[in-house]
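Below is one structure; the comments refer to it alone.
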Protein chains: 2
Amino acid sequence: MNKKAERGRATREHLLEVATGLFAEHGYEDTSIEAVLQETAVSRGALYHHFGGKEVLFTAVLESLERDVTEQLIGVVERLTDPVETLRAGCLAWVRLAADPVVQRILLIDAPSVIGWERWRALEEKYALGMTKEALRLVADAGRLPAEFVDAFAHMLLAALNEMALMIARSEDSDAAIREGVAAVEELLHRLVGPGPASGAGGR
Amino acid sequence: MNKKAERGRATREHLLEVATGLFAEHGYEDTSIEAVLQETAVSRGALYHHFGGKEVLFTAVLESLERDVTEQLIGVVERLTDPVETLRAGCLAWVRLAADPVVQRILLIDAPSVIGWERWRALEEKYALGMTKEALRLVADAGRLPAEFVDAFAHMLLAALNEMALMIARSEDSDAAIREGVAAVEELLHRLVGPGPASGAGGR
DNA sequence: TCTCCTTACATACCGACTGTCGGTTCAAAA
DNA sequence: TTTTGAACCGACAGTCGGTATGTAAGGAGA
């Protein structure tokens, strides 16, 4: 079982890749399985062999995206030690990653309505939301936030960041938008959890 | 032109009512025009006479919902004078209104993916987002927030409130969830724009 | 009152799409 | 060599959104 298994894996990944592109470009509703079949030159039977249906295919695309993004975020954050600085860096990195139209359309716009808000939330818990909670927990341990607010603040903060990413991506002058967006996020964080590392006045 | 016009208006409103219920219960995708026709006992031709198609019907439902909600919000806020207090009251009222599953599914979850984020944003600008901006503008005039952050903060704040509403509605113990949610929103506002009316220490 | 136009509604039908099902192929295990 | 089962194939059924064409009836003008 190697040649066949390998072939199967390749088909599966090819489907995922193409589907990601189509879902990102046209949205879930306006992307037909037919189009995926045509662009991949894979047969109907093959697709339904690997993925139980359109929604399952979308979910697979979604999870693969989440994994990619999380990997990159970990790379940004892993060497930082100060909780507030970690939070700041993570938030800014996330806003930049979420500016990608693929991430936006699939992960932020379509996902909640396609797989349902609850399942989307459960997925996010494993990725971006989970990281935000961890970061805020450390900030709370540092005395910057009462522990009972960690959960709710993580949700609200992440929602705010997602919204900023959508705003930035939609603006016409993207350079200015990024500058203003980053400034707004930094101001928000400053007001939420105070200035950066205890030492520097740094912040804004 | 009275009997006919009245009959048409009635058909239209009946369609809107039933469609609102079905969209809220099953979501846009899993609500078929067929089902709307069956439940209203209206003919295909009649529906397509009043609404250009499924998406147009959804948009009409959406706009009617937005108007309802905005009307209620105005009622809460109109007699208040202090900017921070107005913001606080408006935010809390919105969170409570947005706890309605109909509002959630149609307005918060499905709308962006069905009519597109841009158009959804433009609609919100006329309603909730517009009100938030106005409130924050006044807060800025009172010296609690630099004017350049009004726009971005309005977006982020509204997104955070929406998320809280979704969280609250999904929790099992809704009494506790509302208490915790409201507390979190109040803490958030306190950190964003400071304590309430200059006079009282009031706040939290 | 008769005619004509417009609005509201009715129905048959089309094309597109999703998902199913009975097959076939072929690498690898037995 | 035989058997097995994963990977794949493609015809088909059923549903759905949307259209085309037709009809009934209220109201305006002669």
Side-chain angles (χ1 to χ4, degrees), chain A residues 1-62 106 110-111 113-116 119, chain B residues 1-62 106 110-111 113-116 119:
Chain A
M1 270 303 172
N2 213 334
K3 233 167 153 179
K4 271 186 79 170
E6 177 56 31
R7 193 183 165 200
R9 212 189 50 80
T11 304
R12 200 191 136 88
E13 290 220 346
H14 187 207
L15 281 167
L16 271 183
E17 246 172 68
V18 170
T20 300
L22 291 175
F23 281 142
E25 191 175 358
H26 306 110
Y28 179 80
E29 256 241 71
D30 293 342
T31 299
S32 65
I33 290 287
E34 222 90 47
V36 177
L37 296 181
Q38 200 161 345
E39 187 145 333
T40 52
V42 161
S43 76
R44 217 172 186 69
L47 189 150
Y48 279 91
H49 173 73
H50 287 289
F51 303 99
K54 193 180 176 183
E55 203 180 302
V56 174
L57 176 59
F58 180 84
T59 307
V61 164
L62 186 59
I106 295 178
D110 279 343
S113 79
V114 173
I115 72 172
R119 284 177 56 208
Chain B
M1 269 299 177
N2 213 335
K3 234 165 148 179
K4 268 185 78 172
E6 178 55 31
R7 192 181 166 206
R9 211 189 50 80
T11 305
R12 202 190 132 89
E13 290 220 347
H14 186 207
L15 281 166
L16 271 183
E17 247 172 67
V18 170
T20 300
L22 291 174
F23 281 142
E25 191 175 357
H26 307 108
Y28 179 80
E29 256 240 81
D30 292 342
T31 299
S32 65
I33 290 285
E34 224 87 45
V36 177
L37 296 180
Q38 200 161 342
E39 186 144 333
T40 52
V42 160
S43 76
R44 236 184 164 60
L47 190 148
Y48 278 92
H49 172 73
H50 288 288
F51 304 98
K54 191 180 177 183
E55 205 181 300
V56 174
L57 176 58
F58 180 83
T59 307
V61 164
L62 187 59
I106 296 178
D110 279 342
S113 79
V114 173
I115 73 172
R119 283 177 57 207

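Numbers restart at 1 for each chain; the letters A, B, ... are given by sequence-line order, proteins then strands.
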May I have all residue pairs that pass ring-ring contact (aromatic ring centres under 6.0 Å, His included) and include part of residues 26-50 of chain B, sequence neighbours excluded? Phe23(B)-Tyr28(B), Tyr28(B)-Phe58(B)

Pairs touching residues 9-20 of chain A that satisfy side chain to side chain donor-acceptor pair (under 3.5 Å), sequence neighbours left out: Glu6(A)-Arg9(A), Arg9(A)-Glu13(A)

Residue pair Thr59(B) / Arg119(B): nearest heavy atoms and the distance that separates them: OG1-NH2, 3.8 Å

Restricting to non-hydrogen atoms, name the atom on Asp110(A) and the atom on Ser113(B) that form the minimum distance, rounded to 0.1 Å. OD1-CB, 3.1 Å

Residues of residues 34-53 of chain A with any non-hydrogen atom less than 4.0 angstrom from an atom of DNA chain D: list those, numerically ordered, please. Ser43(A), Arg44(A), Gly45(A), Ala46(A), His49(A), His50(A)

Name every residue in residues 6-27 of chain B that has at least one heavy atom under 4.0 Å from any atom of DNA chain D, in order of residue number, or write none if there are no such residues. none

Helical bend (five base pairs per end, nearest 10°) for the helix from dT1(C)-dA30(D) to dA30(C)-dT1(D): 0°

How far apart are the closest heavy atoms of Ala19(B) and Val61(B), and which atoms are they? CB-CG2, 3.9 Å

Atom CD1 of Ile33(A) and atom P of dC16(D) are separated, to the nearest Å, by 18 Å

Can you name the residues that form a salt bridge (charged side-chain N to carboxylate O under 4.0 Å, His left out) with Glu25(A), not counting sequence neighbours? none

Find the distance Leu57(A):CG to dT18(C):P and express it as a whole number of Å. 11 Å

Output the distance between atom CG (Leu47(B)) and atom CG (Leu15(B)), rounded to the nearest 0.5 Å. 5.0 Å

Atom CD of Glu55(B) and atom P of dG18(D): how far apart are they, to the nearest Å? 8 Å

Pairs meeting criterion side chain to side chain donor-acceptor pair (under 3.5 Å) with involvement of residues 29-46 of chain A, two or more places apart: Glu34(A)-Arg44(A)

